[in-house]
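What follows is a single structure, written as structure tokens, with notes after it.
All figures in this text were calculated on a predicted structure; none of them were measured in a lab. Values below: every heavy atom of this structure, side chains too, minus hydrogens, waters and symmetry copies.
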Amino acid sequence: MELVDSSNHGMSILFSHYYSSLMYSGTDFLMKPVFLRGFSGSFHLVLLFVLFISWVCNKFKVPHSEGSNERNGWSDEGLVTLLDLALRTLAWGTLCVYLRTQLFNSVSDIVSVVSGLFFCYVGFFGKNEGEDTLLEEPLLNGDSRNEAESNKSKGNENVTPYLNAGFFSTLTFSWMGPLITIGNKKTLDLEDVPQLGPSDSVFGAFPNFKNKLEAECGTSNGLTTLKLTKALIFSAWKEVLLTAFLVIMNTLASYVGPYFIDTFVQYLNGRRSYKNEGYVLVSVFFAAKLVECLSQRHWFFRVQQVGIRVRSVLIIMIYNKGLTLSCQSKQGHTSGEIINFMTVDADRIGDFSWYMHETWMVLVQIVIALLILYRNVGLASIAALVATVFVMLANVPLGKLQEKFQDKIMESKDKRMKATSEILRNMRILKLQGWEMKFLTKIMELRKTEAGWLKKYVYTSAMTSFVFWGAPTFVSVVTFGACMLMGIPLESGKILSALATFRILQEPIYSLPDTISMVAQTKVSLDRIASFLRLDDLQPDVIERLPRGSSDTAVEIIDGKFSWDLSSSNPTLKDINLKLQHGMRVAVCGTVGSGKSSLLSCILGEVPKISGTVKLCGTKAFVAQSPWIQSGKIEENILFGMEMEREKYETVLEACCLKKDLEILPFGDQTVIGERGINLSGGQKQRIQIARALYQDADIYLFDDPFSAVDAHTGSHLFKECLLGLLRSKTVVYVTHQVEFLPAADLILVMKDGRITQAGKYSDILNSGTDFMELVGAHEKALSALDSTEAGSVSESTSEEAGNMASTNGVVQKQEDKDVQNGKADDVVGSKGQIIQEEEREKGKVGLSVYWKYITMAYGGALVPIILLAQVLFQTLQIGSNYWMAWATPISQDVKPAVSSSTLIIVYVSLAIGSSFCILVRSMLLGTAGYKTASQLFSKMHYCIFRAPMSFFDATPSGRIISRASTDQSTVDLRMQYMVASFAFRMIQLLGIIAVMSQVAWQVFIVFIPVIATCIWYQQYYIPSARELSRLVGVCKAPVIQHFAETLSGASTIRSFDEESRFKDKNMKLADANSRPRFNIAGAMEWLCFRLDVLSAITFVFSLVFLVSIPEGVIDPGIAGLAVTYGLNLNMLLAWVIWNLCQMENKIISVERIFQYSSIPSEPPLVIEESQPDHFWPSHGEVDIRDLQVRYAPHMPLVLRGLTCTFTGGLKTGIVGRTGSGKSTLIQALFRIVEPAAGQIMIDGINISLIGLHDLRSRLSIIPQDPTMFEGTVRSNLDPLEEYTDEQIWEALEKCQLGDEVRKKEGKLDSTVSENGENWSVGQRQLVCLGRVLLKKSKVLVLDEATASVDTATDNLIQQTLRQHFSNCTVITIAHRITSVLDSDMVLLLSNGLIEEYDSPTRLLENKSSSFAQLVAEYTVRANSSFGK
């Protein structure tokens, strides 16, 4: 570094010397070649001396790194030579200046000096880029399979070079060089992007912020928007102050040009104050440009740095809050809304850092501008002030409107996203019921409201933009008019100075509406986040935790009164008294909705407590009723943050019967599970959940009816192995609907209406009360259908069965299994077989076709030429009006004006009005085109998504679809059209400036062409890296959202395992991974802009030198001045054009991603006109299956391997089989969720593959495995297509025993159903599904394990209802409880995708060796309670 400093110092001495020699030309001796040579020589001596000293210092210092004698790849000798060359170049420069002033004009000398310096610079900084990457290359092409590991190890050492970049490297952003070089050689991946420094990483920034926030407001309840803002500002105050200083520097430097223009024009006109004044002016202009460029680049970079930091800190805050929210607070905000806080609001506050200083900067700029104007046009500057203020005020109402519309857009967007995420979650049900198009119209309705506000917003923006582009012309018209009225003489120099000032003023005025709307938007976002952070957390004091082992009571509740909804008069649980000793097994039973799950929740501390005490001693583990599985490997789900202990792990797998399943999966326990466990069957998810709990080795276990989702055999195995085996010494509380699991309990709690009505041992309760009798009686009744005499003969065989139980699984088929035969999938399969693939990101350049498709979308692109024409006209008129002023006004007072002053102003005003009109046309048309395009993209993408086959949703995490529907759509709605247009407009402006400058001096082209070429080369060099980085931002954002969505849905499970800190940590890592590409995008952007700025400054200086050096009178000084006025804007514009180009490349990716989802292959047509079945089809309901073969994807094995059978119309058929034998697949084939690979299914003689999907699905009914309800009302849940009358709906509710329940609610049929039907119990939801079927009254009804989450009494009720109302229909049941198929007419037993047995149940039972008889025997043995002690 010393070397560089010394050379800088040298240059400054040289320059100062050279100026003084120019100014005091009396000392002619200084310009003599002899002196100059001596001067240069002495300089070399000084340099040698400095080098010698630095060498000595280095000798005495301990070398701290091996490469200390290298700098940027240069050895010390190389450096000396380089500096020597630089000094020679400078010396030569002084010499040629001397020669030029004395003898002749030589442009080539100046070019050679500038290029000499440039080469030295390139030599010094260009060299390291090549070398570094050679060293990094081997790391990058490592084995792709170990990516994760290498990433971890590399991540630690590969910290951003910004941390220890030298002064010069920081100044010029050269530390970005290596990354941009890598990006140029290969497609960048996340591993190539260096880690953030400690102050930018969340791990450094968040604790700091948290301390500030706690110092401000103490608890979260005292949090206000103001306090949050203060904490954010204070956590980054150093950067804020630094950027403020840079902003002031930048503003001052930008006004140097306009200030000196008048002097410059006078100089050209021949009025010179001292010799060589021209060169002094040129150097002042140049110095100002450099300062402006440096300060602006660093200001932008630092500001983005702050933005990134603020964004990630807020994401962490929101995430941590999401983990501790109470259920009450959660009900007020759906998960979609909460995710929006993270995706939209935090982003917006981060983006605000750009506008942070704009607010006060505008004032500074206006003050300086007025001072310059005062110097030029005297008192007329007051008129300018008035005009400026007027323009700004004109914007206030517009700004207010924009804020209002923005608010409304956000609100309606929240609603739409909420609906979208719910629909994506339940897509399978919608497809089965044939409702997807109805729900699409629901989304379209929501979008219509949003689009209404969007339209208003877009047109308000157009008006704003009209006001602002017209502003400089308006202000200048007023000012010059005032000059005329006041009789202030107008000279071209002063006018040009004024015009330059107005042009600079235009920026702050132009950005003011932007700033105002940003301030408004940011305030809205801050309010939203602050109000979210203020929500109530779970009460921390619900549970008293006793230290482990301090008490022999594990759980104790005294006079507990709990309510999910504290405002309701009727508490959920009341009068709860409970005392459980360590090691007790407690069963909880009761009818649907009696409060069983709530009892477990209150032991976990999830339910708000009204009164009473809850004590817990020991650690707890919880298994929820509906499984919560994280996307990730199966192993990670089971370990759940614990260390791997092989032996324990194997035991747990064994106990949960997962061994077999894992053998079948292509990657064993390394198989990646899809979102919400989409590629696992219900039973597998449940067993993985149980395994997770067992592995935790806690003291207290809470099971919420986990055995319902698995078949009878597995259920009894789980109960025996887990509850009676591994957990015999633990405290276990289990909710169950299966009576046969009750006798094994030490204590049975019977619940009814939120009270514990009976408690005691099985035998004691059986004789005493009615509630329990009801449950058991129902069970006995179901069993009596079985002739239990057969039980004995089969019971021996059951134990062997348990060993070799075959369980192929529904997932497998969706996986590739190449080498499963020998029990291990071959490594070569790689990630191909995993159901969820890495998110595809387009690689390489965004094709021109994307731009073309985007531009021509609205009205076939008809508006584009009109918009461009309006812009060209605007530009021409603007230049014309300025040209007119420069030409028509005199140079100085003693010259006679060319035209009268009235003509002067009239022509000027008419040109100004013309240009304003063009702007109006342009903004309006642009708004229209943008709005239209956004709407078309939206409907196209959504139509494609809703028509996509089910396999698309299985393989695509909803996060990806949602990010396209929210973030990307939002870009297309509000940003994209302005990006594309702004690029075109700036290009036109740039061409205008080039035209003006070359009018005056065509020689400018000598420099201009190479400079433009260099700019384009730089831009091409930069784009590959920038593009991939911004794609990475998109790809790294999805995991943050998905992880958050998963956490929200599994918050109670995470809390029950006390794993919050691990999840918070993971979220921090993800947030950092998301910030890394962002930080580097900012660096790369400034890296490019700095280089472009320097190049445009060189061009500008060159043209000035040229103007100064031509003899007087060759060129009209006024016009020359005009060229300079425009030239002052050159660097700003050049940077803008390139910046726009890059921004456009980055944002067009959103359009590209939307196009990507607008071309998903869709399902077969919904309706086929020529083969539409008649209205009464199916009238018999006979289902005839012929040689049916089904596979889930072309490259996967067959799941159904040739089934042939007939379900006779009007009969009931039960389908049984072990987990994974293909039961669900058969049903999916019936509904054509998967299309058959061969064979066909006929219903009443019509081949279902030949009719439309909607015709098929709407004529069949299904009660699906997991009961779903949608947000809305009871009516919309039963009858989304609005086909039935209220009477019919009430009738259906009565039939499914929900009539009274619904009458109790205030809204009756219009009473609300919250997201996922959370305010209804699982059993009630199941009954609602039954209600839907009763309304539909189809001839063919499918029950898919429908009775799994219902107690036996409700189950019997459902069966009875079905028998009564569907007596003459074909009913196909997939059953887990054998009792539910015993009364069917036929039983179909599947095994491994083939039919093993198909006959009536009585006949099958007579044959003792039939597989069905054995299944029944197992069930009976279990039911007769082999679990009693």
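- A salt bridge links Glu1152 to Arg1031: at least one charged side-chain nitrogen sits closer than 4.0 Å to a carboxylate oxygen.
- In this structure, the side chain of Ser353 engages the main chain of Val303 through a donor-acceptor pair within 3.5 Å.
- Side chains of Ser201 and Asp1072: a donor on one and an acceptor on the other come within 3.5 Å.
- Side-chain contact between Glu358 and Met518 is absent, with no heavy-atom pair separated by less than 4.5 Å.
- At distances below 3.5 Å, at least one donor-acceptor pair connects side-chain atoms of Thr359 with backbone N or O atoms of Met356.
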Determine, stepwise, if the pair Glu450 / Lys408 fulfils side chain to side chain contact (heavy atoms under 4.5 Å, CB included). CA-CA 8 Å; Glu450 184 185 358; Lys408 295 287 189 191; over 6 Å; no
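- Classification of Lys400 and Glu403 as a salt-bridged pair fails, no side-chain N sitting under 4.0 Å from a carboxylate O.
- Within the 4.5 Å cutoff, the side chain of Tyr1157 has heavy atoms near those of the Arg960 side chain.
- Once rounded to the nearest 0.5 Å, the distance linking CG of Asn320 with CG of Asn1067 reads 7.0 Å.
- Between Arg1078 and Asp200 there is no salt bridge, since no side-chain N of the basic residue sits under 4.0 Å from a carboxylate O of the acidic one.
- Put simply, the side chain of Arg1076 gets close to the backbone of Leu190: a donor and an acceptor are under 3.5 Å apart.
- Closest non-hydrogen pair, Asp536 versus Leu325, comes out as O-CD2, 3.8 Å.
- In this structure, CZ on Arg528 lies 5.0 Å from CZ on Phe341, to the nearest 0.5 angstrom.
- Salt-bridge formation is detected for the pair Lys1069/Asp1065: a Lys NZ or Arg NE/NH1/NH2 atom is positioned less than 4.0 Å from an Asp or Glu carboxylate oxygen.
- Counting non-hydrogen atoms of neighbouring residues, nucleotides and ligands closer than 6.0 angstrom, the CE atom of Met249 reaches no more than 12 such neighbours.
- Between the SG atom in Cys1089 and the CZ atom in Phe300 there is a gap of 8.5 Å [rounded to 0.5 Å].
- Remark: Phe640 engages Phe1057, Phe1063 in a ring-ring contact (aromatic ring centres under 6.0 Å, His included) (not counting sequence neighbours).
- To the nearest 0.5 Å, the span separating OH on Tyr162 from CH2 on Trp175 amounts to 7.0 Å.
- Although no hydrogens or angles enter the test, the distance criterion places no donor-acceptor pair under 3.5 Å between the side chain of Asp414 and the main chain of Glu337.
- Cation-pi check for Arg297 over Phe1090 is not met; the charged atom does not lie both under 6.0 angstrom from the ring centroid and within 45 degrees of its normal.
- The environment of NZ in Lys404 is sparse: at most 12 heavy-atom neighbours from other residues, nucleotides or ligands sit within 6.0 Å.
- Residues Ser1150 and Arg975 have side chains that never bring a donor and an acceptor to within less than 3.5 angstrom of each other.
- Using a 4.5 Å cut-off on side-chain heavy atoms (C-beta onward), Val1033 and Asn1074 make contact.
- No side-chain heavy atom of Met176 sits under 4.5 Å from any side-chain heavy atom of Phe301.
- Applying the side chain to side chain donor-acceptor pair (under 3.5 Å) test to every pair with at least one member in residues 230-248, sequence neighbours left out, gives these pairs: Glu239-Arg309, Thr243-His357.
- Taking both residues in full, the closest heavy atoms of Val240 and Ile233 are given as CG2-O, 4.5 Å, listed atom of the first, atom of the second, then distance.
- Ser312 approaches Val202 most closely through the heavy-atom pair CB-CG2, 3.8 Å.
- In terms of modelled atom types and a separation under 3.5 Å, the side chain of His942 and the main chain of Phe938 share a donor-acceptor contact.
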Output, in order, the C-alpha distance, side-chain angles, deciding distance and verdict of side chain to side chain contact (heavy atoms under 4.5 Å, CB included) for Ser465 and Tyr978. CA-CA 11 Å; Ser465 123; Tyr978 301 116; over 6 Å; no
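- Under a 3.5 Å cut-off, the side chain of Ser1056 and the backbone N or O of Thr1053 do form a donor-acceptor pair.
- Of all heavy-atom pairs between Gly641 and Glu1059, the closest is CA-OE1, 4.4 Å.
- Between atom NZ of residue Lys1066 and atom OH of residue Tyr319 there is a gap of 8.0 Å, rounded to the nearest 0.5 Å.
- At least one side-chain heavy atom of Phe206 sits less than 4.5 Å from a side-chain heavy atom of Met317.
- Of the listed residues (Arg1153, Lys1147, Gln1156), just one forms a side-chain hydrogen bond (donor to acceptor under 3.5 Å, both in side chains) with Asp968, and that residue is Arg1153.
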Check the pair Val310 / Val313 against side chain to side chain contact (heavy atoms under 4.5 Å, CB included), numbers first and verdict last. CA-CA 5 Å; Val310 164; Val313 159; 5.8 Å; no
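- Between the Arg1055 side chain and the Leu323 main chain, a donor and an acceptor come within less than 3.5 Å of each other.
- Residues Ile1054 and Trp628 form a side-chain contact, since some pair of their non-hydrogen atoms from C-beta on lies under 4.5 Å apart.
- Side-chain N or O atoms of Lys523 include none that pairs as donor or acceptor with a backbone N or O of Thr225 at under 3.5 Å.
- Side-chain atoms of Arg534 come within 3.5 Å of backbone atoms of Leu223 as a donor-acceptor pair (strictly under, hydrogens ignored).
- When all heavy atoms of Leu213 and Leu228 are compared, the closest pair comes out as CD1-CA, 4.1 Å.
- In this structure the side chain of Ile1149 reaches within 4.5 angstrom of the side chain of Ser1030, judged on heavy atoms.
- Using a 4.5 Å heavy-atom threshold, the side chains of Lys1037 and Asp347 count as touching.
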Dump the intermediate steps for side chain to side chain contact (heavy atoms under 4.5 Å, CB included) on Ile409 and Asp973, then the final yes or no. CA-CA 10 Å; Ile409 291 176; Asp973 285 346; 5.9 Å; no
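- Atom CD of residue Gln195 and atom OG of residue Ser1075 lie 11.0 Å apart, to the nearest 0.5 angstrom.
- Put simply, the side chain of Asn1080 never gets that close to the backbone of Pro1077: no donor and acceptor are under 3.5 Å apart.
- The 12-atom threshold is not exceeded at NZ of Lys210, counting heavy atoms of other residues, nucleotides or ligands nearer than 6.0 Å.
- A pairwise comparison of heavy atoms in Glu636 and Gly632 identifies OE1-CA, 3.9 Å as the closest pair.
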